[in-house]
Each structure stands twice: as C-alpha cells, then as structure tokens.
Trainee: 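First the structure, which I've put down as structure tokens, then a few questions once you've had a look.
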Amino acid sequence: MSTQAHIEVRDLTMAYGSFVIQRDLSFTINRGDIFIIMGGSGCGKSTLLRHMIGLKEPATGEVFYDGVSFWEAEPDVRNGLMQRFGILYQSGALWSSMTLAENIALPLGEYTNLTASQIQELVSLKLALVGLAGFGEFYPSEISGGMRKRAGLARAMALDPDILFFDEPSAGLDPISARRLDDLILELRDSLGATVVVVTHELASIFAIASNSVFLDGETRTMIASGDPHKLLTECANPTVREFLTRGESSGAAPEGAVMCLSTGKA
C-alpha cells in the first residue's frame, strides 16, 4: 500500500459559534487507505466529514488534498476538488421520484459531455459493480435498505472519484447486509485504487476494512488516538479508546504500523 499523503487535516477546530465541537485535529490519510473516523455518539464524526467535503468551513485549521488547501483555494479549484469526491450519505440520499438509473445518471449529465447512450452504458456498469445489474428501472421505495445503500454507492462512483466518503454506511442494515457492504468497499478500493474515508462506530466494520483511523473523544473534544485500529486495540492504553474497541471483540493479528495514543488520565 502506498504511503503517499492524499488528505491532510492540520490543526482543525470545528465550532458552531462559540461552542467548540472538536479542536486541534491533525492527521494524514494516505492514498489507498480505508480511513475510519470513529468515536462515541455525538462526538463530531459526521461534522468532521462535512468539513472535509466542503459543506462547512472550519473555525480554524486546514484540509489539504494532494497538498492543495481546500478552504484557501479559489472557488473553481475547490469545485474541481469536489468533483473528485464520491459521497454516500447515511440514508443513501437517493431521489425518491427517480429510478436507480436516473439517480446515477444525474451527475453524469450534470458534469460530463457524454451522450445519452454513453451515460446509459456507464449507469449499467456502475449498477453491475455494486451487484444491482437489472435494477435500473426500480425506484428506491421498491428495493431493500441494503440495496438502496449499494445504489447510493453506485451514484457516488458515477464520476470515477479518487476519494470516496461514507457516512455510517452500515446504519440500519442487518449484519449480513452490513458485511456484504464492507466486502464491497474493500473490492472497490482494490479495483478502483480509491482512498476511502468512513464515519462509523460499528466495530465489525472497523476491524474488517480499516487500515488507518482517528478517534474523536466527546469529553475532551479532541482526537485522542490515531493509527491502525488493530494496533490501537493491542497497544493503546487510553481507557476511552480501549473501552470503545473491546466491546466483546478480539483483537486478531496486529499489522505493522505506527499509532498515536494519548492518555486521558482516567482510571
């Protein structure tokens, strides 16, 4: 796996007015990582994702993509960066009045000069990649929750992004569907060479797919650990991190890699 920095978050503070959600966040996501943003409920995981994809400007700090400062870039440069993103929201966020094929075709029609027949071919390909070949004429209400997540993923991949963002992709899914989605994320990372950033608190997914992570603590309002979750499980003595990562789960093998772990002073 490459160790080339793809995304860098430096000294980032997230706030709503005077209320600070998280402060002093600094971490690096390497090209090809499956990077997990984890932590307890309400700690700011999804808010961090919104800062990274351009939906909310940080109070202080920067987000860099291949060395380019996202929030200091000119609007046209920023828009160009955003077109490299593919985003799967927690609900799938499909247009209910459109078929799956129409949902996937929407960004292709908006941001490319492809002909209708070329778009149709790409839509069929994206649906096949997520195991939904033949479902293009179905509406979101006519398929299961797991299928809607996969359709949302097909739309996220429409423009062949080099970075995929997922907000709680396993939320609302049964364990079998969640595992299938994890397997699909791994397959797509390997086949597309994309960098993947995932917000989740699901331990099964974290240990199945993650190569790197950051842990956000709601009490101290900052990051208290980063690195491969397998190594955090075996090497990090921080009680908050250990409590989160040991909810009845075993550590498995611990691959090589550096971790950062801060003590909270808790007993």
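Starting from 1, each residue takes its place in the sequence as its number. What you see below is based on every heavy atom in this structure, not just the backbone, and it leaves out hydrogens, waters and symmetry mates.
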Trainee: What salt bridge (Lys or Arg N to Asp or Glu O under 4.0 Å) pairs are there with at least one residue in residues 73-90, not counting sequence neighbours?
Mentor: Asp66-Arg84, Arg84-Asp162
Trainee: Does the Lys149 side chain pair with the main chain of Tyr89, one donor and one acceptor, at a distance under 3.5 Å?
Mentor: no
Trainee: Counting distance only, does the side-chain N/O of Arg189 pair as donor-acceptor with the main-chain N or O of Gly32 below 3.5 Å?
Mentor: yes
Trainee: Mind checking side-chain hydrogen bond (donor to acceptor under 3.5 Å, both in side chains) for Lys45 and listing every partner two or more places apart, or none if nothing turns up?
Mentor: none
Trainee: Report the residues that fulfil side-chain hydrogen bond (donor to acceptor under 3.5 Å, both in side chains) with Ser124, sequence neighbours left out, ordered by chain and then residue number.
Mentor: none
Trainee: Return yes if some donor-acceptor pair links the side-chain N/O of Thr99 with the main-chain N/O of Tyr139 below 3.5 Å, else return no.
Mentor: no
Trainee: Apart from Phe64 itself, what residues make up its hydrophobic cluster, given side-chain heavy atom links below 4.5 Å?
Mentor: none
Trainee: Which is it for Leu49 and Val197 under the side chain to side chain contact (heavy atoms under 4.5 Å, CB included) test, yes or no, and what are the steps along the way?
Mentor: CA-CA 9 Å; Leu49 194 72; Val197 181; 4.2 Å; yes
Trainee: Apply ring-ring contact (aromatic ring centres under 6.0 Å, His included) to Phe138 and list each qualifying residue two or more places apart in sequence or on a separate chain.
Mentor: Phe135
Trainee: Is any side-chain heavy atom of Phe215 closer than 4.5 Å to a side-chain heavy atom of Thr240?
Mentor: yes
Trainee: Taking side chain as C-beta onward, heavy atoms only, is Leu184 less than 4.5 Å from Arg150?
Mentor: yes
Trainee: Kindly give the cluster partners of Leu106, where membership spreads through any ILVMFWY side chain lying under 4.5 Å from a current member.
Mentor: Trp95, Met98
Trainee: Would the His6 and Tyr65 ring centres measure less than 6.0 Å apart?
Mentor: no
Trainee: Who are the ring-ring contact (aromatic ring centres under 6.0 Å, His included) partners of Phe166, not counting sequence neighbours?
Mentor: none
Trainee: Could you tell me whether the side chain of Ser213 and the main chain of Ser226 form a donor-acceptor pair under 3.5 Å?
Mentor: no
Trainee: Quick one: which residue pairs count as a salt bridge (Lys or Arg N to Asp or Glu O under 4.0 Å) with a foot in residues 207-216, not counting sequence neighbours?
Mentor: none
Trainee: Just grab all the salt bridge (Lys or Arg N to Asp or Glu O under 4.0 Å) pairs involving residues 105-128, residues at least two apart or on different chains.
Mentor: Lys126-Asp160
Trainee: Do Asp33 side-chain atoms and Asn30 backbone N/O form a donor-acceptor pair below 3.5 Å?
Mentor: yes
Trainee: Are Leu48 and Gln22 close enough that some pair of their side-chain heavy atoms sits under 4.5 Å apart?
Mentor: no
Trainee: Any side chain to side chain donor-acceptor pair (under 3.5 Å) pairs touching residues 52-61, not counting sequence neighbours?
Mentor: Thr13-Thr60
Trainee: Mind running side chain to side chain contact (heavy atoms under 4.5 Å, CB included) on Ile37 and Val198 for me, showing each step along the way?
Mentor: CA-CA 6 Å; Ile37 300 171; Val198 184; over 6 Å; no
Trainee: The criterion is ring-ring contact (aromatic ring centres under 6.0 Å, His included); which residues satisfy it with Phe27, sequence neighbours excluded?
Mentor: Phe35
Trainee: Which pairs count as side chain to side chain donor-acceptor pair (under 3.5 Å) when at least one residue sits in residues 168-180, sequence neighbours excluded?
Mentor: Glu168-His201, Ser170-Ser205, Asp174-Ser177, Arg179-Asp183
Trainee: What's the verdict on side chain to side chain contact (heavy atoms under 4.5 Å, CB included) for Gln118 and Leu122, showing C-alpha distance, side-chain angles and the deciding distance?
Mentor: CA-CA 6 Å; Gln118 290 172 325; Leu122 278 176; 5.8 Å; no
